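Read through the structure below, which is laid out as structure tokens, and then see the notes.
Whatever order the structure lists them in is the order used to number ligands and atoms, beginning at 1. These figures come from a predicted structure and were not determined experimentally.
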Amino acid sequence: MTNAKQSLLKQLPAVDTALKEAAVQHLLLQYGQVTVTRALRALLDTWRQQILQEQWGAAELAQALADLPLALARQVAAAEQPNLRPVVNATGVIIHTNLGRSLLAEAAAAQIAQVANSYSTLEVDVETGARGSRYSHVVQLLCELTGAEDALVVNNNAGAVLLALAALTAGGEVVVSRGQLVEIGGSFRIPEVMAQSGSRLVEVGTTNKTHLFDYERAIGPETAALLKVHTSNYRLVGFTEEVAGRDLAALAHEQGLLAVEDLGSGVLIDLHRYGLMYEPTVQESIAAGMDVVTFSGDKLLGGPQAGIIAGRAEYIAKLRQHPLTRALRIDKLTLAGLEATLRLYLDEETAIKEIPTLRMLTTPVAELEARAVQLVAELLPLVGKAAKIEVVPSLAQVGGGSLPGYDIESAAVAVVPQAISPDELEKRSRLGQPAVFVRIYRDQVLLDMRTLQPDEFSSVREAVCQALLGR
Ligand SMILES: *Cc1c(COP(=O)(O)O)cnc(C)c1O
């Protein structure tokens with residue numbers, strides 16, 4: 001090691017000495033000895049590395065030493081932050097898988113908090129005091145809302161599909177259209193799930209067209225079920241045809257087979273009525289005669305992560321007894337959130353108002369524009385000449401593999417930074433506190449009002465100012 005490096009390293013304070021500095025005392029009071037000491041060690045380590053790697057000379061080190069209390073305060077604050085923490089979603093993608101899909105309604109979040117630090121009726125029959133079933137809390141609600149005879153909930157929809165196939169079709173063949181061999185992000189692929197379940201996939205039809213006679217011809221002595229999979233994250237357009245659920249279910253029953261449908265998102269209200277694109281509802285699938293229907297809790301339903309299985313009582317009973325059900329068991333917090341969410345659906349108007357996913361989907365554009373105007377008015381005086389800021393029309397997306405290729409009219413605040421690139425502004429916003437996730441479109445940084453909530457405006461103002469002006 002060079003002498004210069006050695007003499008710089010010697011200037012690094014001992015941990016004990018640094019902790020005695022007057023400017024550090026308030027940190028010790030606030031966070032305690034252990035936390036501050038750990039942060040200080042980490043900080044001095046990074047400084048040591050800067051010196052060893054010759055990134056720092058005497059001047060840089062002197063500056064760092066002078067700023068030690070501030071740097072330590074930042075280090076402690078950063079270390080105290082949870083890794084999984086809230087962020088602001090200004091991307092305009094409503095069911096943003098990477099940002100946590102659906103936000104829960106207030107009632108659902110409150111119910112989770114209630115059950116979290118209290119004993120609960122999870123698996124007890126209050127009337128008799130005997131052991132009860134955790135699944136019972138949502139069965140009635142699900143039956144009422146979907147028209148199904150019975151229902152079961154598990155960890156997520158991928159688990160629901162696997163369980164349904166493992167319990168009902170293992171050892172047999174399951175016929176699926178080639179147009180519906182879906183892959184969902186995170187390596188959920190119908191052919192592979194089929195194999196895991198112990199069922200054999202029989203593909204029929206072509207990528208773009210599958211007819212009823214394709215299913216008919218594929219049925220043999222080994223056939224156990226006909227499976228319809230909703231192509232929830234892609235769309236076939238043009239010269240295409242798929243068999244309606246009603247016809248598929250009728251054929252299955254004629255032949256003594258099961259009709260199963262993986263709906264993916266699983267919506268409980270008719271989105272068409274709100275000017276959105278049609279998405280098949282769970283009720284329709286049940287009414288069409290499907291024996292078992294599976295869907296997600298946290299996509300268009302707007303609840304917590306869960307897999308919901310609704311259908312005929314005799315099949316749901318079989319699922320309940322399968323060993324995978326225990327392995328895929330839904331936890332009590334999810335169950336509390338799911339029950340509260342489902343209760344909101346008993347009145348559609350309440351559901352639209354209270355469930356954030358539905359509210360964001362259905363907010364009129366004029367209202368979003370008014371919010372954008374408001375945010376621009378708040379930002380302009382703060383930002384000055386550091387950026388051009390205006391209201392622009394925008395296109396939001398449902399996301400989460402729901403309603404693919406379908407844009408929703410929206411309004412956004414467009415920020416064009418003058419001294420830094422849009423990419424740099426995006427990065428700084430993402431690294432800010434709280435992190436703000438934005439979208440870049442044609443060299444503008446867009447803050448989309450469809451996903452940005454009015455009560456997040458102050459966070460956004462702060463984040464944008466910090467990112468643009470460094471304060
Ligand atoms: C999203 C989706 C799944 C997986 O659901 P998760 O709740 O994410 O496990 C399965 N099938 C389809 C068609 C889907 O859209």
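Looking at residues two or more places apart in sequence or on another chain, you find no salt bridge (Lys or Arg N to Asp or Glu O under 4.0 Å) involving E216.
By the 4.0 Å N-to-carboxylate-O rule, E314 lies too far from K318 to be salt-bridged with it.
Side-chain contact annotation: D262 with T294, donor-acceptor N/O pair under 3.5 Å present. In this model, a donor atom of one side chain and an acceptor atom of the other lie less than 3.5 Å apart for Q374 and E378. Inspection of the E279 and H272 side chains reveals no N or O donor paired with an N or O acceptor under 3.5 Å. Counted by atom type alone, E242 and Q180 present one or more donor-acceptor pairs between their side chains at under 3.5 Å.
Residue-level contacts of ligand 1 at the 4.0 Å heavy-atom threshold are R101, N156, N157, A158, I184, F188, H230, S232, D262, G264, S296, K299.
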